[in-house]
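Okay, so here's the structure we're looking at.
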Amino acid sequence: MIETSAATMLDRTEPAHCTVCCCTLANKILMVLFMVLLIVAILFGNLVTLAVVLGTKHFHTPQGYLKASLAVADLAVGIFVVPLSVYAEVYLMVADSAPEWTSYNSQLVSFHPCNVIGPIFAGCTLVSITTIFLLTIERSIAVLRPLHKDSVITRKRTTILIVLSWVGSFFLAVSPMVFSNEITLEYNSCSRMCNYALGTIGEFPSQAWNILLLFPTFDFTLLGGTVVINVISLSSIRQHSRRRKHLAESERQSSSSKPTFSDIKAAKTIGTLTLAFTASFTPIAVFVVGNVLGNKWCNFSFFAFWILATNSCWNVIIYSVRDQKFRLCAHKLLMPFQRTNSTKV
């Protein structure tokens with residue numbers, strides 16, 4: 001989401017950074033192929049998720065609404081963020097020169113594509129974090145307070161929280177440009193993405209430093225809280241499983257106050273989502289902090305940003321592995337295509 005630069009802007013005649021992915025023609029072709037495959041995976045996986053969640057009555061629940069919100073955020077990455085990088089890199093290979101807009105930041109031109117794409121990537125990343133946090137809260141209530149689940153977690157409240165998460169996330173995404181004149185957006189030659197950067201100044205101001213550190217602070221606060229809540233929920237599930245083994249005879253007397261098997265499975269699924277997102281976001285947070293402190297990690301920048309981008313296609317894989325009902329619904333959804341292909345053969 002964020003990248004800073006101590007220089008103003010590179011002169012258009014100055015060569016771009018030679019990262020491990022782009023030093024040779026073969027590496028450039030592999031990079032573009034990777035980006036295209038990533039777009040296909042993101043679009044296919046999240047469209048399937050939306051079709052299953054919105055088209056199956058079983059998933060018309062607060063948890064289903066949150067999963068749909070997460071899929072929309074991931075879908076936006078595949079529709080807007082990655083295609084711009086593909087366009088820039090293909091243009092560079094075909095014309096042997098980068099598009100003109102990649103040589104300037106958003107302060108130096110009237111319109112810059114990164115003014116749109118940068119906040120979309122940042123906002124969708126923040127939406128993903130807040131949605132996973134809300135999913136964790138929802139599952140923890142279902143596991144720890146099963147009798148209060150239906151009264152506390154309603155579809156109306158969940159919808160309101162989803163709207164607030166989107167509004168708050170995108171407000172935070174545009175806040176660097178709103179609250180600081182020194183921060184701008186540019187297409188970075190290291191990460192091959194639209195990133196936040198310094199504008200026309202040479203020294204890093206303390207105000208911009210504080211604003212940029214707001215992102216990893218906010219993200220790790222939510223992720224830290226999510227991990228803690230998941231640990232508490234999974235610990236409760238483990239204790240429940242042990243009691244169930246030793247007190248099988250009395251299970252019927254207290255079954256109403258115990259989480260259901262589906263609640264337990266869902267909690268474990270959300271725990272897996274949290275681990276996957278934490279693993280994909282951690283390199284970005286490390287890079288942002290290090291970059292603000294003056295370190296220039298060009299190769300690390302590329303891998304950090306694209307590891308985060310690949311997270312947008314992992315959710316449907318996790319659902320398919322962990323959730324049997326989702327897997328069956330997705331299989332039924334794709335069956336017509338399989339039948340069509342078989343009849344053609």
Side-chain angles (χ1 to χ4, degrees), residues 1-7 9-10 12 14-42 74 76-78 80-94 96-99 101-106 112-114 117-122 124-125 128 173 183-198 212 215-216 219 276-314:
M1 288 185 302
I2 310 165
E3 184 160 343
T4 60
S5 59
M9 284 295 298
L10 292 175
R12 293 173 62 183
E14 186 176 342
H17 292 289
C18 180
T19 60
V20 68
C21 65
C22 315
C23 286
T24 66
L25 179 61
N27 286 349
K28 292 178 181 179
I29 293 174
L30 289 175
M31 178 190 64
V32 172
L33 180 62
F34 160 74
M35 292 179 180
V36 172
L37 292 176
L38 181 60
I39 292 174
V40 174
I42 291 174
D74 291 335
V77 175
F80 298 105
V81 179
V82 185
L84 182 67
S85 297
V86 172
Y87 168 76
E89 298 309 314
V90 171
Y91 188 101
L92 177 61
M93 285 195 298
V94 173
D96 201 25
S97 62
W101 54 269
T102 63
S103 301
Y104 302 106
N105 64 33
S106 58
H112 199 289
C114 289
I117 303 303
I120 286 178
F121 188 36
C124 288
T125 302
S128 297
I183 300 175
T184 184
L185 283 156
E186 68 176 13
Y187 186 80
N188 188 268
S189 58
C190 288
S191 66
R192 260 51 189 182
M193 279 190 177
C194 290
N195 301 141
Y196 295 94
L198 291 185
L212 290 180
F215 282 88
D219 295 339
F277 193 89
T278 302
S280 63
F281 181 78
T282 299
I284 284 288
V286 172
F287 171 76
V288 171
V289 175
N291 200 237
V292 166
L293 296 177
N295 298 307
K296 297 179 181 179
W297 299 325
C298 195
N299 286 327
F300 182 61
S301 169
F302 175 82
F303 288 109
F305 277 91
W306 286 99
I307 286 172
L308 179 61
T310 56
N311 184 74
S312 296
C313 66
W314 275 103

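When reading the values below, keep in mind they use all heavy atoms of this one structure, side chains included, and skip hydrogens, waters and symmetry mates.
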Practice task
Would you confirm whether W314, through its side chain, and F277, through its main-chain N or O, come within 3.5 Å as a donor-acceptor pair?
Solution key: no

Fill in the blank from the handout: Correct closest heavy-atom pair for Y91 and S97 would be CD2-O, 3.2 Å

Exercise for the section: For T102 and P99, work out which heavy atoms get closest and say how close. Expected result: OG1-O, 2.6 Å

Problem - Between OG on residue S191 and CG on residue L308, distance to nearest 0.5 Å - result: 11.5 Å

Problem - ring pair (Phe, Tyr, Trp, His ring centres under 6.0 Å) against Y187, all qualifying residues, sequence neighbours excluded - result: W101

Fill in the blank from the handout: So CE of M193 and CG of L84: to nearest 0.5 Å the spacing works out to 10.0 Å

Handout entry: Residue list, disulfide (SG to SG under 2.5 Å) with C124, at least two apart or on another chain
Key = none

Exercise for the section: Would you please name every residue forming a side-chain contact (heavy atoms from CB on, under 4.5 Å) with A276, sequence neighbours left out? Expected result: N311, I318

Exercise for the section: To the nearest 0.5 angstrom, please state how far the OG atom of S85 sits from the CD1 atom of I39. Expected result: 8.5 Å

Practice task
Say whether, by atom type as modelled, one donor and one acceptor occur between the side chain of T184 and the main chain of A197 under 3.5 angstrom.
Solution key: no

Handout entry: side-chain contact (heavy atoms from CB on, under 4.5 Å) partners of T278, counting only residues at least two apart
Key = L223, V227, T274, T282

Exercise for the section: Take V77 and V82, measure what side-chain contact (heavy atoms from CB on, under 4.5 Å) needs, and give me the verdict at the end. Expected result: CA-CA 6 Å; V77 175; V82 185; 4.1 Å; yes

Exercise for the section: Not counting sequence neighbours, which residues clear side-chain contact (heavy atoms from CB on, under 4.5 Å) with V90? List them please. Expected result: V32, V86, V94

Problem - Any D74 side-chain heavy atom under 4.5 Å of C313 side chain - result: no

Exercise for the section: May I ask you to test the N188-F305 pair for a side-chain heavy-atom distance under 4.5 Å? Expected result: no

Completion exercise
One should read off an interatomic distance between C190 SG and F303 CZ, to the nearest 0.5 angstrom, of 12.0 Å

Handout entry: Pairs where residues 84-93 contributes a residue and the test salt bridge (charged side-chain N to carboxylate O under 4.0 Å, His left out) is met, not counting sequence neighbours
Key = E89-R192

Fill in the blank from the handout: One should read off an interatomic distance between I284 CD1 and I307 CD1, to the nearest 0.5 angstrom, of 8.5 Å

Handout entry: Closest approach of P119 to A173 (non-hydrogen atoms, all atoms of both residues)
Key = O-CB, 3.6 Å

Practice task
Find the distance between CG (L37) and CD1 (I42) and round it off to the nearest 0.5 Å.
Solution key: 11.0 Å

Practice task
Examine distances only and state if a side-chain atom of T125 and a backbone atom of F121 form a donor-acceptor pair shorter than 3.5 Å.
Solution key: yes

Problem - H112 side chain vs E186 backbone, donor-acceptor pair below 3.5 Å - result: no

Practice task
Check step by step if side-chain contact (heavy atoms from CB on, under 4.5 Å) holds for T310 and S280.
Solution key: CA-CA 8 Å; T310 56; S280 63; 5.7 Å; no

Handout entry: Check: V81 and I120 side chains under 4.5 Å, non-hydrogen atoms
Key = yes

